[in-house]
**Student:** 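There's a structure below that I have some questions on.
Just so you know, these numbers use all the heavy atoms, side chains as well, and skip hydrogens, waters and symmetry mates. Because the structure is a prediction, the values reported are computed rather than measured.
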Number of protein chains: 2
Amino acid sequence: MCIPMSLNNRTNTLLERKKSFTKDTVLVDEGSAFKKFFIIHSGAVKTYVTVNGIEQINGFYLPGDIVGFDSIATQKYNNSIKTLTNTITCELKYDELMELVASDAKVRDMIFKLMSQDILNYQKLILSYSQKKAEEKLAAFIYALYTRYSERGHVSLNIKLSMSRSDIANYLGLTIETVSRILTRMQELDVLSVRGKYISIKNLLALYKLAAENN
Amino acid sequence: MCIPMSLNNRTNTLLERKKSFTKDTVLVDEGSAFKKFFIIHSGAVKTYVTVNGIEQINGFYLPGDIVGFDSIATQKYNNSIKTLTNTITCELKYDELMELVASDAKVRDMIFKLMSQDILNYQKLILSYSQKKAEEKLAAFIYALYTRYSERGHVSLNIKLSMSRSDIANYLGLTIETVSRILTRMQELDVLSVRGKYISIKNLLALYKLAAENN
DNA sequence: CGTCGGGTTGAATGCCCTCAATACCCGTGG
DNA sequence: CCACGGGTATTGAGGGCATTCAACCCGACG
């Protein structure tokens, strides 16, 4: 199953067969014509824009996430999409989804809800990243990874980062050195234990407090 | 007319009559039940959450803007809404809009497009505020005000800020002193001229460059 | 065993914040 | 008309956090 919520059978027929990609594959180039949404089945992707040759990461998408809602307005992909690891996606054609939206109230409500949730998440992210200090940002980032996996049924204190330090720093608007330093500090505080891409949360409440997630 | 795009006649009947509010009126309290969208007809509002008694501003809405898309998912208002000046709004009931969405493809497409545009704007905002320095943030903020007014037909280099310095600082994640200092610096550079709440853009291109708006 | 890319650690600079004082705006009342 | 007061905005000095620049570490891989 690819879609986050259970739908009727017709949706499944709209979902193109799963496609498999190796690490560092560019699925979409920024600016190209919008045709379909990507639903992450396994693995992870990042979305980014390139400004003056510099990549600016917009978001990371994990299993269950849908990429592409921002493209409806412009009918173009506003970001490039690249796999971070080997990744399996389902693809959902925009035109076909819209037909289904027109005919099936349940699908329509689900899409509205997903888009609304997207907006809400972005709002929180903006608050997060405009108000927080570096340590709070990183704590919030890791805590968010934990909750995102949890919501999808993968409740585990052990997280494998699919993105590099450099990607994290870029996304959070920090430097790679700062990210590294904060990770070691959190380790000294016994909040996390870090081994390369593997993070183990040792004190979830402390992490939550570091993130200053008061809402 | 309240709605940004022209719709059919039935939409107009759904729009409740205009309502007028004085400055600093709370239209909505965070967490209350979601009933309707607010469309800004004239004036301005801010949306904000209150965390530990501290207000965190989420966005400013100007004439033509619609407030409330983030509430569909939760069926609650996720932000409080307060007028910044005397403001006239139209109110659009959620249930009624959804009925119209079901029956009228044009309305549905418009709502999808508006929500998608919202998502896109938030994405840009996140990039903006996670990557930019203080001066770039403020320049981007002012430039965005200019373009937002322009898109709505108010093309003018003279902008009246409806929000206080303190609101701007809060929104951008800066301090009021920093905002003030940067405004005077931009004045010294002959990019702007500032007199209280009135800003006059003297060099739009320079402002754009300061904002590092390379996309 | 050497190299290369990613990651960590260290010292110095700079940007923005904090704290504090002063200036400005504007409505009110003398 | 001017004086006054309160809130808002500006300006100045000092400190802290994140960046920059640089060196070093480490695991993967030929």
Side-chain angles (χ1 to χ4, degrees), chain A residues 22-24 46 54-57 82 84-86 128-142 159-189 192-200 210-212, chain B residues 22-24 46 54-57 82 84-86 128-142 159-189 192-200 210-212:
Chain A
T22 57
K23 179 173 153 73
D24 290 327
K46 66 177 172 183
I54 298 170
E55 182 177 296
Q56 295 192 331
I57 296 174
K82 188 189 257 188
L84 293 167
T85 64
N86 294 345
S128 184
Y129 294 165
S130 76
Q131 312 283 349
K132 289 185 198 302
K133 296 186 187 304
E135 186 176 68
E136 296 169 337
K137 285 187 189 180
L138 189 54
F141 177 74
I142 295 170
I159 296 175
K160 178 178 188 299
L161 299 175
S162 38
M163 67 294 287
S164 67
R165 299 283 190 278
S166 155
D167 278 344
I168 296 174
N170 181 315
Y171 177 62
L172 296 179
L174 301 173
T175 58
I176 180 174
E177 294 95 327
T178 301
V179 169
S180 186
R181 270 183 257 273
I182 292 173
L183 282 178
T184 61
R185 199 188 314 156
M186 286 183 176
Q187 218 170 184
E188 287 163 4
L189 295 172
L192 303 174
S193 90
V194 183
R195 185 103 74 117
K197 291 199 175 310
Y198 293 90
I199 286 187
S200 172
L210 279 182
Chain B
T22 58
K23 178 174 153 73
D24 290 328
K46 65 177 171 183
I54 297 170
E55 181 178 296
Q56 295 194 330
I57 296 175
K82 188 190 256 187
L84 292 168
T85 65
N86 294 344
S128 184
Y129 295 165
S130 77
Q131 312 283 348
K132 290 184 198 299
K133 296 187 187 303
E135 187 175 69
E136 296 169 338
K137 285 187 189 180
L138 190 54
F141 177 75
I142 296 170
I159 295 176
K160 179 178 186 299
L161 299 175
S162 38
M163 68 294 288
S164 66
R165 299 281 191 279
S166 154
D167 279 343
I168 297 173
N170 181 315
Y171 177 62
L172 297 179
L174 302 173
T175 59
I176 180 174
E177 295 95 327
T178 301
V179 169
S180 188
R181 271 183 255 273
I182 292 172
L183 282 178
T184 60
R185 200 188 314 158
M186 285 182 178
Q187 219 170 183
E188 288 163 4
L189 295 172
L192 303 175
S193 89
V194 183
R195 184 101 75 118
K197 291 199 175 309
Y198 293 89
I199 287 187
S200 171
L210 279 182

**Student:** For Glu188(A) and dT8(C), give me the distance from atom CD to atom P, rounded to whole Å.
**Tutor:**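 After rounding, the gap between these two atoms is 12 Å.
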
**Student:** The side chain of Ala134(A) lies closest to which of these nucleotides: dA18(D), dA13(D), dT8(C)?
**Tutor:** dA18(D)

**Student:** Give a yes or no on whether a donor-acceptor pair under 3.5 Å exists between the nucleobase atoms of dC19(C), that is its base, and the side chain of Glu177(B).
**Tutor:**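 Donor-acceptor pair under 3.5 Å: yes.
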
**Student:** Base, sugar-phosphate alone, or nothing: which one does Ser164(A) contact when heavy atoms must sit under 4.0 Å apart?
**Tutor:**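 Contact class for Ser164(A): sugar-phosphate only.
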
**Student:** Starting at CG of Leu172(A), measure out to CD of Gln131(B) and round the result to the nearest 0.5 Å.
**Tutor:** 9.5 Å

**Student:** Using a 4.0 Å heavy-atom cut-off, does Leu174(A) contact any base of the nucleic acid, only the sugar-phosphate backbone, or nothing at all?
**Tutor:**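 Sugar-phosphate contact only - Leu174(A) comes under 4.0 Å of backbone atoms but never of a base.
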
**Student:** Less than 4.0 angstrom between a side-chain N/O of Ser180(B) and OP1 or OP2 of dT11(D), yes or no?
**Tutor:**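 No, Ser180(B) has no side-chain N/O under 4.0 Å of OP1/OP2 on dT11(D).
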
**Student:** Across the strands shown, which category fits Lys137(B) at heavy-atom distances under 4.0 angstrom: base, sugar-phosphate, nothing?
**Tutor:**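 Answer is nothing: Lys137(B) stays at 4.0 Å or more from every strand.
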
**Student:** Start with the C-alpha distance between Met163(A) and Lys46(A), add both sets of side-chain angles, then the distance that settles side chain to side chain contact (heavy atoms under 4.5 Å, CB included), and finish with yes or no.
**Tutor:** CA-CA 8 Å; Met163(A) 67 294 287; Lys46(A) 66 177 172 183; over 6 Å; no

**Student:** Answer yes or no: does a side-chain N or O of Thr175(A) lie under 4.0 Å from OP1 or OP2 of dT19(D)?
**Tutor:**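 Yes, Thr175(A) has a side-chain N/O under 4.0 Å of OP1/OP2 on dT19(D).
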
**Student:** Taking all non-hydrogen atoms of both residues into account, name the closest pair between Leu183(A) and Arg165(A) and its distance.
**Tutor:**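 Heavy atoms of Leu183(A) and Arg165(A) come nearest at CD1-NE, 3.5 Å.
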
**Student:** Atom CZ of Arg185(B) to atom C1' of dG12(D): distance rounded to whole Å?
**Tutor:** 14 Å

**Student:** Round to the nearest Å and state the distance from Ile176(A) atom CD1 to dA22(D) atom C1'.
**Tutor:**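 Going from CD1 in Ile176(A) over to C1' in dA22(D) covers 14 Å.
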
**Student:** Taking atom C1' of dC17(D) as reference, at what distance in whole Å does atom CD of Glu135(A) sit?
**Tutor:** 11 Å

**Student:** Within less than 4.0 Å of OP1 or OP2 of dA18(D), is there a side-chain N or O belonging to Lys133(B)?
**Tutor:** no

**Student:** Once rounded to the nearest 0.5 Å, what's the spacing between atom CD of Gln56(B) and atom OG of Ser128(A)?
**Tutor:**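 So the gap between those two atoms works out to 9.5 Å.
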
**Student:** Tell whether Arg181(A) reaches the base of dG10(C) with its side chain through a donor-acceptor pair below 3.5 angstrom.
**Tutor:** yes

**Student:** Ignoring the backbone of Thr178(A), work out which of dT19(D), dT8(C), dT18(C) is nearest its side chain.
**Tutor:** dT19(D)

**Student:** Glu55(B) versus Asp167(B): any side-chain heavy-atom pair under 4.5 Å?
**Tutor:** yes

**Student:** Whole angstrom is fine here: how far is it from OH in Tyr129(B) over to P in dC16(C)?
**Tutor:** 15 Å

